[in-house]
Amino acid sequence: MGLLALGTALEWPEAKKRADQVREWGIKQLLEIWNKAKGKERDAMLWGDEVEYLVVTYTKDEEKVLLSLRQAQILEALATDKELAKEGCVPALQDGPVQKSKTHPLPVFHPEFGRFMLEATPGKPWGIGFKELLDVEPDMKLRRKIAKDHMLSNEHPITLTTFPQIGIPGQFTDPYYPPSGSKLRSQFVPDEIANPHIRFPTLAANIRWRRGRKVQVNVPVFHDKNTPTPWKDPTVNYDLHNWPEDDDVRNGASPDDFIHMDAMAFGMGSCCLQITFQAKNITEGRQMYDQLSPLGPIMLALTAATPIYKGFLANTDVRWNQISRAVDCRTPEELGEKPLKNDRWRIPKSRYASNSTYISTDPRLRPEYMDPDLVIDPKIKAKLMEGGMDDLLATHFAHLFIRDPIVIFEEDLQELDLNKTDHFENIQSTNWQHMRFKPPPAENNIGWRVEFRPMEIQVTDFENAAFSVFMVLVTRAMLSFDLNFYIPIKKVDENMERAHAVDAVLREKFYFRKNPFPLRPSRANTVFGDESRPGSAMPSRCGSPGLPVDEEYGEMTIDEIINGSADGDFPGLIPIVESYLDSVNVDVETRCQLATYLSLISKRASGELDTTARWIRNFVDAHPRYKHDSVVDDVITHDLIGAVLAIGERESANRNFAGLGIHGLPRLLGGFRGGCGQDAVTNGENGNGNGNGD
Ligand code: ADP
Ligand code: MG
Ligand code: MG
Ligand code: MG
Ligand code: MG
Ligand code: MG
């Protein structure tokens, strides 16, 4: 959501006193939305993506790449560009209404937590048409171009999840600021790393304050052949005495064999790719929320892109847990380190974590799938139910509302405005789960939406479009075939952990439902027959009654989940999508373009192509400067970012990567095509197949 209006942000001790009031008003606002919008019908099937960028300063000859902290100036340049305004671009310093325009309006740019970050979304959400799916990639390219056009010549927007050298000793931001400000109290990064809008430093400071010490973002170091064992993070300073929090490392915050980070910026400074879907009504929205949830860890592993932190190779491939820890505001009592005295309950997860609820009214939702450790606020649940909300949804929100609001503006507590959703959004938007159920905002004619949040951003817009479009197609197929991906929430949690492993996509197995069809098991495969066509008499909702829950799911590789199992027992998400595309009218040209996207996903899943994380690891490994000691130095970082920029330039020019000489590139992008009907231009591979071998 957009920024709150400027005001007086309360420091934590004051904010804590007002937390109940915010929750109470938030619940009233939620009930107001619920009562207004629960019967909303026939909303359009819209969707939209969000792409996040790091802004770096890079020149070929300069050894050091830096994070540019000119977010505000860049957004300002975008906002005041009259030419862009004429064209209908709406650079938003705050979220404005969705632009209504006959043709697709130019993209919208948003601020983000990091002062070195930008976010861009389409100028208005995408519609239901298949042809529109082909507009996504050009739109993403346009966003990148517009962003670049409003930067200095040495500044570049890049789509790596994290900057490899954030928090290293010495300079990594432009301009330089020394670390250890009063808000973050980090020994590695300055307060100036965060967006200076009062909301962001307050968020970081109050999370730290509530927690009673700095956040502790420890990620296991990757042990290479010359990495010492045990490995002690050489960048940690044990002798600082600026803040009480400097004691944290003396109290064991930085264990052996972990890269130690101590500030929100190490997590919330990461870039991701998010997709928001609008449902036709609340029932469908609740169904989408549940059914997309088990796909979260799978897509996290498949988009893995985060192998480096603070100048060291990590032994994990994705950003998720680092963000989770970077905003973990739980107190020692809530964490179970001390007996409960002042706090209300022990809380098993950070406020940034995988989902803990299913919410659909689908009769296939079995009680056994629910999280047995779910913590809810029973008083809030009772209020919601008194207000007419059903048990499941009341449980969902009563879970989100166990959290305190972190940033409260004094001015907003004067009187309750039931035409607004600010207090509700305060809690809702600081519950960063991998799915978000978004009720209609008060002002706009917007429906019930569901956001899919786990994916990591990819280097190219081709890949980002591919993953976005893939999720759209999976969602459409899921609705059309009434697919059933339910597994117990605890297994989704476990999958989320597994998704962190290096090369999880190839090395791990994930819990997944064996039969996703709403048919009896014996007829599962008939979805590929005529019976499965929309409008046919496909029996629905018959589930597989009687099957014990733990026989409903099994452990599968991502290749099996995406491409199907060799024995044919599990059909595979891509074959399901293909089957869906066969069942609807898609012209040949569109189908061909979609096939290039599906091909990328298919090959990433099978291992024929590398994940971004694997590509980065191999790039580092092959670099002449790399000493196999897990250290990613200035020169390696420079060349990695240089490679990323070169890929971007070729992508927007002629897509011919031949001769770029970038290590491992053919295995990242494969037969990256020059368009349908043309030969693949790159690596001697044909990129026009759909990757399923048919
Ligand atoms: P947030 O940051 O809270 O997730 P954003 O305002 O950045 O939300 O929007 C997320 C995405 O949702 C954008 O791609 C936007 O185009 C899209 N979007 C906006 N309105 C709708 C809608 N009614 N239905 C579906 N998607 C929408
Ligand atoms: Mg946002
Ligand atoms: Mg956004
Ligand atoms: Mg964002
Ligand atoms: Mg979002
Ligand atoms: Mg295979």
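Quick caveat, the model's predicted, so the values are computed rather than measured. Just follow the structure's listing: the first ligand is 1, and inside any ligand the first atom is 1. Side chains are part of it too, since the values below use all heavy atoms of this structure and drop only hydrogens, waters and symmetry mates.
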K.L.:
Check F113 against A265 and note the closest heavy-atom contact, atom names and distance.
P.N.:
CE2-CA, 3.6 Å
K.L.:
For H396, which of Y358, F401, Y289 qualifies under ring-ring contact (aromatic ring centres under 6.0 Å, His included)?
P.N.:
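Result for ring-ring contact (aromatic ring centres under 6.0 Å, His included) with H396: Y289.
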K.L.:
Salt bridge between K349 and D328, side-chain N to carboxylate O under 4.0 Å?
P.N.:
no
K.L.:
SG of C272 to CZ of R453: how many Å apart, nearest 0.5 Å?
P.N.:
7.0 Å
K.L.:
Counting only heavy atoms, tell me which of Q428, R436, R453, E50 gets closest to atom 9 (O) of ligand 1.
P.N.:
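Looking at heavy atoms only, the winner is E50.
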K.L.:
Does this structure show an ion pair linking R286 with D290, if we count only N-O contacts that are shorter than 4.0 Å?
P.N.:
no
K.L.:
So that I can tick it off, tell me whether R143 and D49 are bridged by a salt bridge, with the cut-off set at under 4.0 angstrom between side-chain N and carboxylate O.
P.N.:
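Yes, charged N to carboxylate O under 4.0 Å.
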K.L.:
Which of the atoms of ligand 1 are close to L46, meaning less than 4.0 Å from one of its heavy atoms?
P.N.:
23 (N), 24 (N), 25 (C)
K.L.:
Give the atoms of ligand 1, by number and element, whose distance to some non-hydrogen atom of E119 is under 4.0 Å.
P.N.:
7 (O)
K.L.:
With a cut-off of 2.8 Å, does E52 place any N/O/S atom under that distance from the Mg ion (ligand 4)?
P.N.:
yes
K.L.:
Which ligand 1 atoms, with their elements, are less than 4.0 angstrom from a heavy-atom of E451?
P.N.:
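So the answer, numbered in order with elements, is 4 (O).
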K.L.:
Give the atoms of ligand 1, by number and element, whose distance to some non-hydrogen atom of R449 is under 4.0 Å.
P.N.:
22 (C), 23 (N), 24 (N)
K.L.:
For atom 13 (C) of ligand 1, tell me which residue out of I275, D49, T276 has the closest non-hydrogen atom.
P.N.:
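Considering heavy atoms of I275, D49, T276, the nearest to atom 13 (C) of ligand 1 sits in D49.
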K.L.:
If you measure from each heavy atom of K438 to ligand 1, is any distance below 4.0 Å?
P.N.:
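Judged by the 4.0 Å heavy-atom criterion, K438 does count as contacting ligand 1.
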K.L.:
Would you say ligand 1 has an N or O under 3.5 Å from any N or O of H110?
P.N.:
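It does not: no N or O of H110 is found under 3.5 Å from an N or O of ligand 1.
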K.L.:
Under a 4.0 Å N-O cut-off, is there an ion pair linking E32 with K28?
P.N.:
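Salt bridge flag = no for K28 with E32.
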K.L.:
Quick check: of its N, O or S atoms, which one does E119 have closest to the Mg ion (ligand 4)?
P.N.:
OE1
K.L.:
Taking 4.0 angstrom as the limit, do R319 and E456 come out as a salt bridge?
P.N.:
yes
K.L.:
Do any nitrogen or oxygen atoms of Q278 come within less than 3.5 Å of a nitrogen or oxygen of ligand 1?
P.N.:
yes
K.L.:
If you measure from atom 20 (N) of ligand 1 to every heavy atom of G447, P441, A120, P125, which option wins on shortest distance?
P.N.:
P125
K.L.:
Taking the Mg ion (ligand 3) as the reference point, name the nearest N/O/S atom of E50.
P.N.:
OE1
K.L.:
Tell me which N, O or S atom of E112 sits nearest to the Mg ion (ligand 4).
P.N.:
OE2
K.L.:
Tell me whether the rings of F481 and Y580 are parallel (<30°), tilted (30 to 60°) or perpendicular (>60°).
P.N.:
perpendicular
